[in-house]
Amino acid sequence: MRSDKKDDNKQSFKQVLSNNLFLIKLCFAASPAFVIFPVLDAVRNQVSIFFEHTVGIGYVLEAAEFHYPFKKVAAVIIILFICISIGMVFTVWVGDYVRAKEGPKVSKKIKLMLYDKAKDLDLECYDNPDYYNEMVLAIAEVDKQIERCIQFLSNVFSGLATFITTGIYFLKKDGVSLFFALGSFLLTFFFMQAYNKLSYKIRVSKNPYERKREYVKRVFYLPDCAKEMRLNPDVTDILYKEFDKANSEIVRVEKENAGKHFLQGFVAGYIGNDFCCDVVYIAYLVMKATVWGTLSFSSVAILYNSFGRMKRSLRVFTDTYPFACESSLYIQKIRNFLEYETKIVSTEGLNASGNAKDVKVEDLSFAYDKSGDMLLKDININIKPGEKIALVGYNGAGKTTLVKLLMRLYDPDKGRIVMDDNDIRKYDVESFRRSIGVVFQDFKIFAGTVSENVVMDNLNGTEMPGIREALSESGLLKRVDRMKNGTDSYLTTETRDDGIELSGGESQKLAISRVFYQNAGLMILDEPSSALDPIAEYQLNHAMLTATKDKTVIFISHRLSTTRIADRIIMLENGQVVEEGTHNELLERAGKYARMWNVQAGAYR
C-alpha cells in the first residue's frame, strides 16, 4: 500500500475497469450467485419495462387511434401481464433470498482475506500514519464497496438492456431522437466525472478529522477511560475542544468545496438532462407531429415516454463511469493492501530449534524514521545459551526496540543478529518467532477463555496439557480456580456479559503464563513485574528462575531489585551499550548503573 502524497485521483480508464473487475472477481469467487442473479434481474427488469411501457402502451394507443379489434388487444395485455408477474416473482427471489443468503458469505470471505493480510503486515506499516490511515480506510470501506461493485455491474447491464431495446425502437420510429440523447449524455458525463472526483477529495480530506472525532466519541463511552475522566474532569474540556475543532475542520472542508460541488451537480443534473431533454426534445416532437405531420400522436406519446427511458439509460452510463471511478479509488486501497509484499521474509527457510539460544548482536544500528538519527547505534552483545540477561536503562534508551529486533519484528538498518550461528534472516519467520516467548509491557488480554489466552489459540473445547502448570508458575492459578468455570472462564466483557475483568497485576500474570506455557528457547520479558506488588514480584522472580533454568532469558525492568537475579546486566543509554557486568561488578564500578541503583535504593533507606 502506498503512503506517498502524489495525486491518486488521476486514473486511466484501464485502471478504473481493472479495479472494479478486481473486486467483482473476489465477489464471484466467494459466491457466483451473488454476482450473476442481480445482473440477470437488472436485465430482466429493463426488458420487462420496455415491453410494458413502450411496446404494450404503444400498442394500446395505436389500437385506440387506429381501431384495432378488442380481442386482439386483450390477448396482448394478458400475455404481458403473465410475463411481468413471473418477472416480479424472480425479483423478489433475488432480493429476499439470494442477496440475503449470499451477501454475508461474500463479506465474510473478503474480510477474512483482509484480516489474514493484516496479521502478516510488517510492524513498520503501523508506524507510518499515512499508511495506517489508508489501511483503516480500506478495511472500513469493504462492505460498502462490495455493494457498489454489484450496483455498478447491475447498472451497466441495466443500461445496456435499455439502450439496446429502446435504441432499436427509436431507429424504427425516429433515428434523430438518438442524437438528442447523445448530446445530453456527453454534457452530463463530463460534469458528473468532475463531481464524483470532488466528492472523493472531500471524503479523504475529512477522514483524519472524522477519525479524531470518533476517538473522542469512544473515550466518552469506553469503560477503560471512565475512572480517569471522573477523577480528572478537566480532561473533558480538552476533549470537547478537540471534538469542536474536528467538527470545525470538517465544516471548513465542506464549505471550501460547496460552491464548486453545487455548480458541477447543477450543470450535470439539470442543464445536461432536464433542460435539453424535457424542453428541447418535446418541442422537436411537437413540430414533427403538428407542423410536418410525419409522426402520429400515439408515436409522439410513446417516443417521449421512451426518450425518458433512453435518457435514464444514458444517464446510467453518465453516472456509472464516475461512480466506478470513485469506487476504483477505494478499491485501489483495498487492492494495495491485499497486494502488499511483506519485507520481513526468510532467505533460506531454516527451522528454529526450541533449545536455549546462543545470541550475538553485531554492529547493530536501527531507526524507525529512516530520514532521522539512529535510535540504536553500533550495538554489540553476546549472550550464551541459558544465560539470564537484564536490559536496563532510562526511558527511551532503546531497550524495547532492541527486543523487537531480536524477535525480527523489524530488520536492522546496519549490522545483524545471529542466533545459533545463523543470521536470523535465514530462519522461517513463523518458526523463528515461535521459538521465542515474549511478554511486552503493553500486552493485551483477548476476549476468550483463560485457556485460550494462555495458549493464544482457539482450543474448541480441547483441554491442553501444561495450561494449569503455566498458570501456577505465574502465580495466577489460585485466582483462576476461584472463577466459576476455571480455565474455561471468559475474560473481558467485550463480547460476553458474563466475562471477567482481571486487575492489572492479574492480567500481567496471565501474560507471563503464556511464556511459561510456550516453553521457548529464548524468553523475553519486557517489564514482567511492573504491575505486581513486591511479594508477588519476589515470588514471580523465583518462579521464572525455576521455570527457565535451562533457557536463555532477556528481561527488561525499571525495578533494579529484579535485575539482581540476572547473570549479567546490560545498560543502554541513548541507543548504545554503556555498561555491562553482574550486579555487584557494576556497583563496584560506581558508574551509571550504580547511580541508578542508589537512587532507587535510597527510597527504601
Side-chain angles (χ1 to χ4, degrees), residues 347-348 350-367 374-394 397-427 429 431-439 515 520-528 544-545 547-557 560 562-589 591-594 596-597:
T347 58
E348 295 187 16
L350 300 178
N351 285 321
S353 74
N355 299 326
K357 293 191 179 297
D358 178 75
V359 182
K360 295 183 179 69
V361 179
E362 302 174 350
D363 299 320
L364 183 144
S365 297
F366 174 77
M374 291 292 175
L375 182 61
L376 298 177
K377 308 161 193 172
D378 300 317
I379 300 286
N380 285 279
I381 297 173
N382 288 325
I383 304 174
K384 299 175 183 178
E387 195 172 12
K388 311 297 184 282
I389 299 296
L391 286 179
V392 301
Y394 296 103
K399 305 182 295 299
T400 299
T401 298
L402 178 58
V403 164
K404 290 178 179 177
L405 289 165
L406 289 171
M407 294 193 65
R408 214 185 166 207
L409 295 174
Y410 299 88
D411 278 336
D413 298 314
K414 176 189 171 187
R416 66 175 188 159
I417 298 172
V418 177
M419 290 195 189
D420 299 333
D421 299 321
N422 287 307
D423 188 314
I424 63 173
R425 284 171 285 204
K426 293 182 179 180
Y427 290 109
V429 177
S431 169
F432 175 72
R433 290 177 181 164
R434 285 186 179 276
S435 72
I436 301 173
V438 63
V439 176
V515 178
L522 172 62
M523 296 187 176
I524 299 174
L525 305 166
D526 189 351
E527 292 289 343
M544 283 194 296
L545 286 175
T548 63
K549 58 182 180 297
D550 58 345
K551 305 295 182 182
T552 304
V553 179
I554 300 173
F555 59 89
I556 300 171
S557 180
L560 299 190
T562 302
T563 64
R564 297 180 66 176
I565 68 173
D567 297 324
R568 188 154 45 98
I569 298 167
I570 298 173
M571 184 170 184
L572 298 181
E573 186 175 79
N574 297 322
Q576 295 178 305
V577 176
V578 293
E579 287 187 345
E580 186 174 347
T582 66
H583 175 73
N584 291 330
E585 287 172 349
L586 294 179
L587 288 183
E588 289 175 3
R589 291 179 195 173
K592 294 182 177 181
Y593 175 83
M596 183 185 290
W597 169 264

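Residues: numbered from 1 along the sequence shown. Computation of the quantities below employed the complete heavy-atom set of this structure, encompassing side-chain atoms and omitting hydrogens, waters and symmetry-equivalent molecules. From a predicted model like this one, the values you see are computed outputs, not experimental measurements.
- Smallest separation of non-hydrogen atoms from S431 and A352: OG-N, 2.9 Å.
- Between L572 and V578, every side-chain heavy-atom pair lies at or beyond the 4.5 Å cut-off.
- Once rounded to the nearest 0.5 Å, the distance linking OG of S435 with CE of M523 reads 11.0 Å.
- Side-chain contact check for N380 versus D363: some heavy-atom pair is nearer than 4.5 Å.
- No side-chain heavy atom of K360 sits less than 4.5 Å from a side-chain heavy atom of I381.
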_side-chain contact (heavy atoms from CB on, under 4.5 Å) between V392 and I556, worked out_ = CA-CA 6 Å; V392 301; I556 300 171; over 6 Å; no
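- The CG atom of L406 sits 11.5 Å away from the NZ atom of K357 when rounded to the nearest 0.5 Å.
- Annotation: side chain of L376 is in contact with side chain of L402 (closest heavy-atom distance under 4.5 Å).
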*Criterion salt bridge (Lys or Arg N to Asp or Glu O under 4.0 Å) on E387 and R568, from CA distance to verdict*: CA-CA 8 Å; E387 195 172 12; R568 188 154 45 98; 2.8 Å; yes
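- In this structure, the side chains of M596 and M571 come closer than 4.5 Å at one or more pairs of heavy atoms.
- Taking 4.5 Å as the limit, every side-chain heavy atom of V359 sits out of range of all side-chain heavy atoms of N382.
- Taking CG of D411 as the start and CZ of R425 as the end, the distance is 5.5 Å to the nearest 0.5 Å.
- In this structure, CG in L525 is found 8.0 Å from CZ in F555, a value given to the nearest 0.5 Å.
- Side-chain atoms of R433 come within 3.5 Å of backbone N or O of R408 as a donor-acceptor pair.
- Looking at V577 and I379, their side chains come closer than 4.5 Å, going by heavy atoms from C-beta outward.
- Between D378 and K414, at least one side-chain N (NZ, or NE/NH1/NH2) sits under 4.0 Å from a carboxylate O, which counts as a salt bridge.
- With N422 contributing its side chain and I424 its backbone, the two residues share no donor-acceptor pair below 3.5 Å.
- Side-chain atoms of K377 do not come within 3.5 Å of backbone N or O of L364 as any donor-acceptor pair.
- Around CZ of R589, the count of heavy atoms belonging to other residues, nucleotides or ligands within 6.0 Å exceeds 12.
- Ion pairing of E579 with K592 is absent here, as no side-chain N (NZ or NE/NH1/NH2) approaches a carboxylate O to less than 4.0 Å.
- Judged by distance alone, with hydrogens and angles left aside, the side-chain atoms of D550 form no donor-acceptor pair with the main-chain N or O of G386 at under 3.5 Å.
- Classification of the H583-W597 ring pair by plane angle, with boundaries at 30° and 60°, yields perpendicular.
- Side-chain N or O atoms of K399 include one that pairs as donor or acceptor with a backbone N or O of G393 at under 3.5 Å.
- The shortest distance between side-chain heavy atoms of D420 and Y427 falls below 4.5 Å.
- Although no hydrogens or angles enter the test, the distance criterion places no donor-acceptor pair under 3.5 Å between the side chain of Y410 and the main chain of T401.
- Residue L405 holds its CG atom at 8.5 Å from CG of L409, rounded to the nearest 0.5 Å.
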*Given the rule in the salt bridge (Lys or Arg N to Asp or Glu O under 4.0 Å) test, do K384 and D567 qualify, once you have shown the distances and angles that lead to the verdict?*
CA-CA 10 Å; K384 299 175 183 178; D567 297 324; over 6 Å; no
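- Atom CD of E573 is separated from atom OH of Y394 by 7.5 Å, given to the nearest 0.5 angstrom.
- Without hydrogens or angle criteria, T552 side chain to A356 main chain gives no donor-acceptor distance under 3.5 Å.
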